[in-house]
Number of protein chains: 2
Amino acid sequence: MTTPKRRLPVMADVAREAGVSHQTVSRVLNHHPNVRADTRARVEEAITRLGYRRNLVARALVTKRSRTLGVVSFDTTLYGPASTIYGIEQAARTAGYFVSIVSLKSIDTDNVRDAIGYLTEQGVDGVVVVAPQRSAWRALDNLPSGMPAVAVEGMHNACVPVVCIDQVQGARLATRHLLDQGHETVWHVTGPTDWLETEGRIAGWRAVLEEAGRPVPEPLAGDWSPRAGYEAGKSLAAMKGVTAIFTANDQMALGVLRALSEKGVRVPDDISVVGFDDIPESEFFSPPLTTVRQDFAAVGRQCIEVLLRQIDMGPATAERLVVPPGFVVRSSTAPAR
Amino acid sequence: MTTPKRRLPVMADVAREAGVSHQTVSRVLNHHPNVRADTRARVEEAITRLGYRRNLVARALVTKRSRTLGVVSFDTTLYGPASTIYGIEQAARTAGYFVSIVSLKSIDTDNVRDAIGYLTEQGVDGVVVVAPQRSAWRALDNLPSGMPAVAVEGMHNACVPVVCIDQVQGARLATRHLLDQGHETVWHVTGPTDWLETEGRIAGWRAVLEEAGRPVPEPLAGDWSPRAGYEAGKSLAAMKGVTAIFTANDQMALGVLRALSEKGVRVPDDISVVGFDDIPESEFFSPPLTTVRQDFAAVGRQCIEVLLRQIDMGPATAERLVVPPGFVVRSSTAPAR
DNA sequence: CCGCAAGATGTGCTCGGTCATATGCCCCTC
DNA sequence: GAGGGGCATATGACCGAGCACATCTTGCGG
């Protein structure tokens with residue numbers, strides 16, 4: 001038996017089936033209290049009998065609420081963004097929201113602006129921007145008016161609230177730990193320029209060194225990739241007097257470890273290494289990596305919280321929620337000899 | 001001048017501004033050819049002047065096309081799913097589609113069914129299911145009728161097309177490589193039970209051993225995590241006669257490497273190790289990991305291709321698109337002594 | 001036994017687009 | 001010069017829900 005183009009059932013069909021008006025069906029669906037129990041039962045039965053599913057698109061049109069949140073992100077393959085988005089999605093769904101994602105493969109102001117534009121057309125109730133680059137940040141200056149938004153790891157800004165992990169503090173923790181171990185100074189392999197995290201981590205690292213009156217070595221430029229860490233590691237292995245390295249993320253730390261091991265430099269005996277992120281692999285590096293832990297799930301949750309508050313109660317003051325970093329000591333650091 | 005609750009402009013506003021009917025505005029927006037050039041220009045100017053953005057929700061209501069695709073996935077923090085979804089999102093956006101994601105933290109038939117249900121209500125034009133577990137797979141048996149769908153790494157099934165990487169072939173490549181190096185047999189650390197990849201990889205590994213008439217050791221159960229690999233590695237290090245290990249993914253390989261190194265077992269001198277996935281880190285493990293490469297981006301692209309074909313041309317025959325795995329030889333394998 | 005408030009249900013309009021169709025217009029041909 | 005075809009544009013219905021309001025019940029106090 002072919003079903004010749006049978007249209008999906010709509011509210012009116014359910015209403016007819018249950019012998020009530022479409023409005024009553026709507027009430028049942030929305031758990032409105034003022035419906036008699038037996039009527040409710042009749043409607044519910046009609047719903048299951050017909051296999052009716054409500055059309056959220058039609059609902060969104062009239063309520064002007066799509067219960068969908070937009071996420072704009074850069075390279076969702078990276079552990080940080082992926083984890084943050086996971087946290088966002090979980091929190092959003094718990095709150096009854098869908099998540100629509102746009103992941104950009106290159107970041108510039110126009111890209112981000114366009115992405116936000118698409119999401120706006122699509123009718124999202126709010127946007128989370130996970131694009132912690134200066135260039136991306138500029139796109140937030142002129143958001144579509146009235147669009148609730150929140151940024152992950154952004155700069156302070158008059159209009160958009162920010163949820164972030166305290167990068168400076170994380171870098172301080174790492175650097176201080178190394179100084180406390182008796183190292184004279186700490187070398188730093190940075191993230192890509194333009195990233196705010198990169199800047200924060202450099203700032204924290206530099207601040208600790210300067211406060212302690214230590215020499216501040218020229219940082220080595222990286223790009224988050226293990227390969228960049230590997231290249232930096234080769235350079236550092238060839239230099240004299242390097243005893244402590246702080247890399248801006250764990251993947252680069254892995255590259256550094258690899259390079260050092262190839263050069264016959266022992267970690268932590270000859271050189272101590274600290275990373276940033278605490279990816280699941282770090283614990284099993286050779287040696288297990290001492291690193292700064294970021295609670296991405298918490299960031300995701302906070303984002304949704306801030307965003308929903310804006311959606312429900314109107315524009316918020318541009319707050320800045322800071323999630324403190326943790327520090328995990330493993331075996332890649334040791335006292336200086 | 002405050003703008004007191006100014007509603008966003010709609011088509012009618014643009015029409016009035018440009019002195020045409022709303023239908024003409026619609027034609028301009030949809031690039032309908034039959035619009036005089038100067039009219040078009042007038043409309044476009046009105047659009048920019050008013051900052052008008054079309055409301056895709058209203059459009060979706062009447063066209064019954066939301067230009068949104070749903071993705072149901074398990075733990076998008078894992079490298080495989082994350083990469084696949086990235087590929088899906090890129091391909092979808094290129095084709096003018098949005099992607100709405102539901103990522104499940106635990107997989108069972110009901111979960112997946114619910115997720116698909118939510119997405120259906122939300123009006124997605126099709127669904128990609130990235131949940132390669134037997135239990136998830138069962139949820140695909142009774143999809144909402146007429147909903148285009150495609151599964152990543154699924155079993156063969158009458159109703160849903162599948163895009164997958166040839167797991168069996170990948171495992172064969174890995175195992176054969178080790179046998180070719182002169183190893184008597186190969187030990188295997190598996191993924192979690194219930195995962196189809198786990199089964200495929202076991203099958204490929206077992207087949208090669210049996211074809212070569214080699215003993216088939218009892219596989220060690222893992223769960224993709226580095227820790228599971230570490231535990232398995234400790235067991236294997238304690239056993240006699242182990243010279244070659246094939247782990248079902250790279251993260252577990254990392255754990256194995258760590259455990260072996262702790263026990264003073266040298267890789268590849270004493271034991272050879274092969275992984276699966278080729279995550280960006282693998283190249284920088286100690287030693288760099290020989291592994292099976294999966295082209296997740298290709299999988300994502302194929303998914304969208306298959307899905308869009310279904311959306312445009314009606315239900316497809318349940319095809320099965322197989323992406324061949326690659327094999328990357330690095331330094332974690334060596335001839336048996 | 002009536003009145004009235006609260007509860008239960010129904011009616012018709014609205015959201016902002018697209019679709020089918022109608023209309024006006026110009027130009028070309030016989 | 002009338003008829004016809006194609007183009008440019010306008011008109012009104014419609015998608016499937018929710019909302020405001022109208023209407024019909026019901027229960028309870030006086």
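Rounded to an integer number of Å, the gap from B:Arg42 CZ to D:dA8 C1' is 12 Å. Protein atom NZ of B:Lys64 is 12 Å distant from nucleotide atom C1' of D:dA17, rounded to whole Å. When rounded to the nearest whole Å, the span between CE of B:Met11 and P of D:dT11 equals 15 Å.
Here the options are B:Asp194, B:Asp110, B:Asn111, the test is side chain to side chain donor-acceptor pair (under 3.5 Å), and the partner is B:Ser135; only B:Asp194 passes. Checked options A:Ile304, A:Leu307, A:Ile311; the residue passing with A:Tyr97 is A:Ile311 (criterion: side chain to side chain contact (heavy atoms under 4.5 Å, CB included)).
Between the side chains of B:Gln122 and A:Thr68, at least one donor N or O sits under 3.5 Å from an acceptor N or O.
A nucleotide of DNA chain C counts as in contact with chain A when one of its atoms lies under 4.0 Å from a heavy atom; the first and last such, 5' to 3', are C:dA8 to C:dG16.
Ion pairing between A:Glu121 and B:Arg67 fails under the 4.0 Å rule for side-chain N and carboxylate O.
Residues of residues 50-63 of chain B having a heavy atom closer than 4.0 Å to DNA chain D, listed by number: B:Leu61, B:Val62. DNA chain D is contacted by B:Val20, B:Ser21, B:His22, B:Gln23, B:Thr24, B:Arg27, B:Asn34, B:Val35 of residues 20-35 of chain B, taking any non-hydrogen atom closer than 4.0 Å.
Screening residues 43-57 of chain B for side chain to side chain donor-acceptor pair (under 3.5 Å) gives B:Glu17-B:Arg49, B:Asn30-B:Arg54, B:Glu45-B:Arg49 as the qualifying pairs, with residues at least two apart or on separate chains.
Heavy atoms of other residues, nucleotides or ligands lying less than 6.0 angstrom from CZ of B:Arg134 number 12 at most.
At a threshold of 4.5 Å between non-hydrogen side-chain atoms, the residues A:Asp125 and A:Leu69 count as touching. Contact check for B:Val71 versus B:Val102: no side-chain heavy atoms found under the 4.5 Å cut-off.
Scored by the salt bridge (Lys or Arg N to Asp or Glu O under 4.0 Å) test, A:Glu197 finds no partners at all (sequence neighbours excluded). Annotation: ring-ring contact (aromatic ring centres under 6.0 Å, His included) contacts of B:Trp137 (sequence neighbours excluded): none.
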